[in-house]
Amino acid sequence: MKQLIILFCSICFLCSCSKNEILTANRISLGIKTSEYTSRASIDSLADLALMGDRIGIYGVTDWAESPVMNNVRSTSVNPQTGAINWNGLYYYPLNTNLHFYSYYPFTSTATEGENYMEERKGAAPLLHFTITGQEDLLYAQPVTGSNEIMPSPFVYEHLLTQFHFVLIDEGNYRNTNIEQIVFTNVNTTSTLHVQNGTLGEWSNPKSILFPSSYPVRITGTEENPQSISGHLMLQPGMEKYYISIKITNRGAYSNIRIIPLGENTFAAGRSYEITLKFGIGDDGGTGDGGDDGGEVGVDIKATAWVTPWKNGGNGTGEVGE
């Protein structure tokens with residue numbers, strides 16, 4: 001009887017293997033990039049991404065006409081040393097089929113309305129509807145492909161917004177005067193991200209956005225020692241110009257200060273522009289630069305990531321006068 005039971009189990013195992021073509025359990029892990037960069041980005045290194053490691057969204061699909069294997073899966077963590085992305089649950093490659101992986105940040109739940117939501121579309125890639133505050137990065141990774149036999153490349157996340165930061169120089173009588181606020185005016189805040197190709201849609205919903213810094217900021221910078229102030233802002237790319245207003249203690253507000261990129265036609269995505277504001281020049285505004293289930297093989301899907309650094313967008317000057 002014991003021998004019959006063993007024989008029966010062996011036959012069942014062989015039949016199962018034949019049916020599903022279970023291969024050796026080669027564990028799939030994506031390529032790893034661990035380099036870190038020094039720049040002004042809110043998320044500009046693997047370590048930065050690891051701090052926000054529970055906010056990455058991932059899709060794994062064979063074709064958008066079919067149900068995704070990984071359907072807007074939210075990460076739980078990112079290993080800052082290896083770049084390995086973790087999530088809840090187990091996912092397996094379909095038999096003899098490539099999976100195409102798409103990823104973005106920050107994760108947004110599927111819905112039909114709201115300031116931030118993922119719109120599912122039948123037979124097509126989803127659209128991420130988002131509203132920016134100026135203080136949160138928007139990242140997209142170029143798609144990668146993997147299967148039971150193909151090791152995918154790592155996700156490489158790229159910045160989709162333009163970044164701004166400020167340097168101050170007093171060329172007049174502003175020494176020891178405080179800046180109470182710097183505001184970007186009439187800034188578009190709403191758009192969409194195409195999950196398949198990473199393109200942004202039309203922008204809308206213009207608002208004023210306060211540049212985040214440690215106000216009040218006392219103006220102490222000189223030509224010899226320009227004054228960098230804390231904070232950075234990330235806004236819509238592709239703009240030919242931006243306008244800011246500045247409120248200064250005992251001097252009122254200066255509005256319609258024009259910021260344009262020097263040497264470029266538009267402010268580019270993934271670039272960080274340093275705007276040098278010179279106080280006391282004139283009153284015409286200024287410019288700056290700125291196992292075994294349904295034919296699936298028992299191989300875990302793994303993911304890793306790294307982040308490209310912000311690129312220097314050049315330098316420029318802005319003029320604030322009386």
Side-chain angles (χ1 to χ4, degrees), residues 36-45 47-48 51 132-137 159 161-187 207-237 239 241-264 267-268 270-290 309-322:
E36 296 183 11
Y37 305 88
T38 301
S39 78
R40 310 172 185 87
S42 58
I43 298 179
D44 196 39
S45 69
D48 292 336
L51 294 176
I132 62 172
T133 66
Q135 300 183 47
E136 187 166 65
D137 219 334
H159 304 279
L161 302 178
T162 299
Q163 188 188 83
F164 297 93
H165 59 283
F166 287 98
V167 170
L168 311 179
I169 294 178
D170 175 29
E171 291 190 339
N173 190 25
Y174 286 78
R175 207 75 185 277
N176 299 321
T177 301
N178 292 333
I179 295 178
E180 296 183 355
Q181 65 178 25
I182 300 174
V183 176
F184 280 74
T185 58
N186 202 35
V187 174
K207 294 182 179 180
S208 293
I209 296 183
L210 175 69
F211 180 83
S213 192
S214 301
Y215 299 109
V217 176
R218 179 160 293 188
I219 302 173
T220 62
T222 64
E223 287 284 358
E224 296 74 20
N225 295 294
Q227 173 191 1
S228 296
I229 66 173
S230 63
H232 55 260
L233 201 64
M234 289 164 283
L235 302 175
Q236 174 187 356
M239 297 294 291
K241 57 183 174 294
Y242 274 101
Y243 288 94
I244 65 172
S245 64
I246 303 176
K247 185 177 182 181
I248 302 176
T249 303
N250 299 326
R251 292 177 183 263
Y254 299 91
S255 60
N256 294 323
I257 301 170
R258 188 166 59 108
I259 304 298
I260 63 173
L262 299 180
E264 303 175 51
F267 290 112
R271 292 190 177 273
S272 182
Y273 293 85
E274 182 172 276
I275 311 301
T276 300
L277 295 176
K278 293 187 175 183
F279 291 82
I281 298 299
D283 60 357
D284 59 348
T287 63
D289 206 47
W310 288 96
K311 300 176 181 65
N312 182 10
N315 300 306
T317 60
E319 299 178 356
V320 184
E322 298 185 56

Cut-off 3.5 Å, side chains only: do Thr185 and Ser208 have a donor facing an acceptor? no
Using 0.5 Å steps for rounding, measure from the CZ atom of Arg251 to the CD atom of Glu180. 12.5 Å
Rounded distance [0.5 Å steps], CD in Glu171 versus NZ in Lys278: 4.5 Å
Report the residue from Ile246, Ile219, Ile179 that forms a side-chain contact (heavy atoms from CB on, under 4.5 Å) with Leu277. Ile246
Using 30° and 60° as the class limits, which term best fits the ring planes of Phe166 and Phe211: parallel, tilted or perpendicular? perpendicular
Quick one: does any side-chain atom of Thr162 pair with a main-chain N or O of Ala268 as donor and acceptor, under 3.5 Å? yes
So, Thr133 side chain and Gln135 main chain: donor-acceptor pair closer than 3.5 Å or not? yes
Do Gln236 and Tyr242 meet the criterion of a side-chain donor-acceptor pair at a distance under 3.5 Å? no
For Ile132 against Met234, the heavy-atom pair lying closest together: CD1-O, 4.1 Å
Over 60° means perpendicular and under 30° means parallel, so tell me whether Tyr174 and Phe279 are parallel, tilted or perpendicular. tilted
At what distance, to the nearest 0.5 angstrom, does CD of Glu136 lie from CG of Leu233? 12.5 Å
Between Ser213 (side chain only) and Ser230 (backbone N and O only), is there a donor and an acceptor less than 3.5 Å apart? yes
Is the centre of the Tyr273 ring less than 6.0 Å from the centre of the Phe267 ring? yes
Taken to the nearest 0.5 Å, the spacing of Ile244 CD1 from Asn256 CG works out to 10.5 Å
Separation of Leu210 CG from Lys247 NZ (nearest 0.5 Å): 11.5 Å
Report the distance from atom CD1 of Ile229 to atom CD of Gln227, rounding to the nearest 0.5 Å. 7.0 Å
